[in-house]
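For reference, the structure discussed in these notes is given below.
What you are looking at is a predicted structure, and each value in this text was computed from that prediction instead of being measured. Here is the naming used below: chain letters follow the sequence lines, and residue numbers restart at 1 for every chain.
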Amino acid sequence: MDVSHLLDSLNDAQREAVASPPGACLVLAGAGSGKTRVLTHRIAWLIQTEGLSPYSILAVTFTNKAAAEMRGRIEQLLALPIRGMWVGTFHGIAHRLLRAHYQEAALDQNFQILDADDQLRLVKRVMASLDIDEKKWPVRQAVGFINGQKNEGHRPAHIEDYGDFYLKTHLEIYRAYEAACQRASMVDFAELLLRAHELWLGNPAILKHYQNRFGALLVDEFQDTNTIQYAWLRVLAGDKNNLMAVGDDDQSIYGWRGAKIENIRRFTDDFPQARTIKLEQNYRSTSSILKAASGVISQNVDRLGKELWTELGDGDPIQLYAAYDEMDEAKYITERIRQWVNEGNLYAEAAILYRSNAQSRVLEEALLYAQMPYRVYGGQRFFERAEIRNLLAYMRLVSQRDADAAFERVVNTPSRGVGDRSLDAIRHLARATDISLWQAAHRIVDEKQLPGRAVNAIHAFIELIDALDKETQGAPLPKLVDTLAEGSGLRAQHEKEGGERAQTRLENMQELVTAAGSFNPREDYTFSEPSDGQPSVSLLDEFLNHAALEAGEGQGDPEEDCVQMMTMHSAKGLEFPLVFLAGMEDGLFPHSMSMEAPGRLEEERRLCYVGITRAMRQLYLIYAESRRINGKERFNRPSRFISEIPKDLINEIRVKQTFVRPANQMRSTFAQGEVAGTNLKLGQRVTHARFGEGVILNSEGEGSNARVQVNFPDAGSKWLMVELAKLDPIA
DNA sequence: AAGGCAAATGTTTTT
DNA sequence: CATTTGCCTT
């Protein structure tokens with residue numbers, strides 16, 4: 001078969017990777033070096049020249065989006081649908097395995113997936129039952145502990161507390177939480193992975209089956225794998241070692257979520273025969289942008305080391321703008337975008353990237369004011385919205401009465417007179433007699449264990465769910481959702497609320513009806529194959545599982561031409577001709593919570609690298625000399641990352657106009673705080689021999705070590721040693 | 001048990 | 001500043 005079309009369009013390194021002989025292979029793929037191309041071509045190559053059946057290929061990604069894109073591109077490349085091939089996320093694949101082997105995994109057939117919110121609620125409840133004070137032991141920390149341990153593959157039994165009170169308490173919570181999950185057959189995200197791993201370790205026959213089946217494994221974004229994911233891959237790879245890992249250590253930005261950048265380094269230890277291939281030619285950005293990115297990332301130690309290069313030429317320099325404040329920053333960005341569009345370009349080619357979601361507000365206002373279309377990505381996802389989760393809980397309850405998480409969520413939503421005391425009683429009974437909340441509620445009603453009013457309220461809820469179940473028997477999915485939205489009283493609740501927010505919630509619920517209508521499990525790649533002859537779950541249950549695993553990013557009109565706004569985290573993997581990195585200030589980026597620890601600072605730096613390398617042609621860095629953060633005026637220094645970019649690549653933009661402001665406005669904003677051990681204070685106007693007149697924005701140190709940041713109309717803001725700079729205060 | 005007002009609290013988030 | 005939490009009152 002002629003397969004030249006698979007290799008012709010590739011460069012040498014890409015070709016080497018695509019056509020590499022069977023065995024372990026590590027592909028270090030720099031930003032914009034065509035890694036998805038390599039992965040898809042590799043799969044096509046395996047099928048067309050190595051003679052592998054699609055059935056024997058497993059490709060793992062981190063996001064549903066990436067999985068869907070990969071599947072689409074392979075089918076395009078092969079010009080035929082690929083049946084039998086497993087392409088999915090780690091979690092999706094683990095889920096599928098557990099469904100197929102639920103007995104060996106010690107789960108009910110109808111085990112339920114807990115998403116992050118369900119998990120938090122459950123841990124909270126577990127802690128309450130253990131009488132652990134939430135004030136002293138933050139729930140989020142306990143959840144973090146549990147997930148952290150699971151990500152490392154540790155069960156409570158594996159953990160030694162060494163008498164440490166912190167460990168001891170968290171271990172107690174972990175143990176109780178695990179018991180609660182097992183009792184109700186609930187599985188959180190980390191558990192999916194851990195259990196899938198244990199499934200194989202504990203069932204050699206099953207493991208052997210999959211080892212035999214999968215002749216080739218491929219992993220995308222390998223730098224983001226955590227310990228258990230990597231262990232899972234190694235076990236599956238078995239003796240064949242036919243594993244291709246594609247990743248970029250410089251783009252590891254999820255360490256705080258358990259990702260182990262070390263896995264990349266370990267790979268060549270674990271697979272000594274592994275070939276390592278570096279993809280260093282970048283097809284995305286101009287040379288200036290790549291050099292800037294390289295300048296920043298080279299400050300990190302212990303990199304595997306890649307040097308990106310391009311044939312696209314230098315391009316424009318990096319533009320640096322010192323904004324007066326966050327409003328000026330936003331205004332400046334809109335002006336540049338206006339110019340960009342006036343030159344005949346699209347809004348959609350421009351992206352504004354920032355470190356934290358809170359920054360989007362001011363930017364949005366400016367875009368709104370400038371009447372530019374925009375779209376904010378990230379933030380709250382569809383299936384995570386409260387109204388959607390409430391409705392899903394009703395659906396779950398109609399399907400499975402014993403779903404405790406769902407019961408707890410909606411038994412009093414909308415409020416129907418089942419308060420904390422009643423709920424406590426139900427929980428106690430359930431725990432004492434080892435039954436579900438639903439059964440406990442039933443018994444309390446039957447035996448009238450509570451005051452009449454409470455019993456009536458609980459009874460009403462039980463009747464409601466039973467009635468809704470009866471009413472929706474055999475109904476198509478969208479009809480069922482619609483009936484529940486109405487019958488639960490959720491719709492009425494939001495209608496009563498009134499206001500724009502409530503209106504959006506109603507629309508979202510309607511959207512869920514629509515989503516249920518277009519839901520087709522056969523199209524869902526995580527279940528595209530009948531699960532080995534096991535009895536299938538109901539369409540409703542399948543929809544609910546789908547909702548848990550896929551948070552639902554796919555709404556909105558991606559076709560619309562609008563400015564793209566998102567965090568730098570969400571921007572990973574994307575590219576834009578024109579990129580603005582907003583809020584380039586120490587404290588914001590790198591974030592103050594990550595500035596101290598060297599390891600975390602390096603991750604921030606990698607995030608900066610990711611941000612810079614999103615840009616194809618033009619890159620703007622903007623910092624604000626003053627910024628309102630949480631209602632307080634802050635005077636941050638320009639981000640240290642800016643100074644890590646070679647000076648000759650940067651073009652500093654000065655707009656003097658922004659400093660011509662009424663003096664009284666300046667005073668009122670700045671006048672507070674003394675610079676200890678000097679005759680200066682913040683907001684003070686001073687003159688400097690060379691830079692002229694300026695205003696003191698910020699200071700650090702005291703006495704002879706004091707440095708002040710002075711904003712000069714012409715020279716911009718400078719950090720000066722008070723002792724050396726000879727600043728003269730002016731009244 | 002529900003609703004209202006003061007106080008506390010602010011990263012990033014593929015599943 | 002803006003949103004969520006928690007206490008307090010009906």
Please classify the nucleic acid contact of A:G631 as base, sugar-phosphate, or nothing, using heavy-atom distances under 4.0 Å.
base

Taking the side chain of A:R355 as its heavy atoms from C-beta onward, which of B:dT11, B:dA1, B:dT15 lies nearest to it?
B:dT11

What residues form a salt bridge (Lys or Arg N to Asp or Glu O under 4.0 Å) with A:E329, not counting sequence neighbours?
A:R627

Pairwise P distance for C:dT5 and B:dT12, with rounding to whole Å
15 Å

Would you classify A:E603 as touching base, sugar-phosphate or nothing, given that sugar-phosphate means primed atoms plus P, OP1 and OP2, and contacts are heavy atoms under 4.0 Å?
nothing

Residue pair A:K496/A:F62 against DNA chain B: nearer the 5' end by closest nucleotide is A:K496

Atom NZ of A:K572 and atom C1' of B:dT15: how far apart are they, to the nearest Å?
13 Å

Can you tell me how far P of B:dT13 sits from OH of A:Y354, to the nearest Å?
9 Å

Starting at OH of A:Y254 and ending at C1' of B:dT13, how long is that distance when rounded to a whole Å?
6 Å

Are OP1 or OP2 of B:dT13 and a side-chain N or O of A:S570 less than 4.0 angstrom apart?
yes

In terms of the nearest nucleotide of DNA chain B, which residue is placed more toward the 5' end: A:M568 or A:R416?
A:R416

salt_bridge(A:E495, A:R491) N-O dist < 4.0 Å:
no

Determine whether any donor atom in the side chain of A:R257 lies under 3.5 Å from an acceptor atom in the base of B:dT15, or the reverse, and answer yes or no.
yes

What's A:T61 touching, base or sugar-phosphate or nothing? Going by heavy atoms closer than 4.0 Å.
nothing

Between CD of A:Q493 and C1' of B:dG3 the distance, given in whole Å, is 13 Å

Using 4.0 Å as the upper bound for N to carboxylate O, is an ion pair formed by A:E387 and A:R409?
no

Do A:R396 and A:F407 make a side-chain contact, defined as non-hydrogen atoms from C-beta onward lying under 4.5 Å apart?
no

Output the single nucleotide from B:dT11, C:dC1, B:dA1 whose closest atom is nearest the side chain of A:R628.
C:dC1

A:H591 ring over B:dT11 six-membered base ring, under 5.5 Å and 30°:
yes

Does A:E603 pair with A:R606 as a salt bridge, N-O distance under 4.0 Å?
yes

Within less than 4.0 Å of OP1 or OP2 of B:dT11, is there a side-chain N or O belonging to A:S594?
no

Measuring from the side chain of A:W256 (C-beta onward, heavy atoms only), which nucleotide among B:dT12, C:dC7, B:dA2 has the closest atom?
B:dT12

Taking 4.0 Å as the cut-off, does a side-chain nitrogen or oxygen of A:N357 come that near to OP1 or OP2 on B:dT12?
yes

Where is the tightest heavy-atom contact between A:R389 and A:E384, given as atom of each residue plus distance?
CD-O, 3.4 Å

Whether A:R140 contacts C:dT5 is assessed here as follows: a side-chain N or O lying under 4.0 Å from the phosphate OP1 or OP2. Is that the case?
no

Conformer about C1'-N of B:dT11 - syn within 90° of 0, anti elsewhere
syn

So which atom in A:V126 and which in A:A180 form the shortest heavy-atom distance, rounded to 0.1 Å?
CG2-CB, 4.2 Å

Please tell me if A:T567 has a side-chain N or O lying less than 4.0 Å from either OP1 or OP2 of B:dT13.
yes

Could you state the CE-P distance from A:M186 to B:dT15, rounded to the nearest angstrom?
22 Å

Between CG of A:N630 and P of B:dT9 the distance, given in whole Å, is 13 Å

Think A:N412 has a side-chain N or O under 4.0 angstrom from the OP1 or OP2 of B:dA2?
yes

A:R606 CZ to B:dT12 C1': how many Å, rounded?
13 Å

Proximity to the side chain of A:R421 - top-ranked nucleotide from B:dT15, C:dA2, B:dA1:
B:dA1

Closest listed nucleotide, where the reference is the side chain of A:S356 and the choices are B:dT11, B:dA2, B:dT13:
B:dT11

Interatomic distance where CG belongs to A:D325 and P belongs to C:dC1 [whole Å]:
14 Å

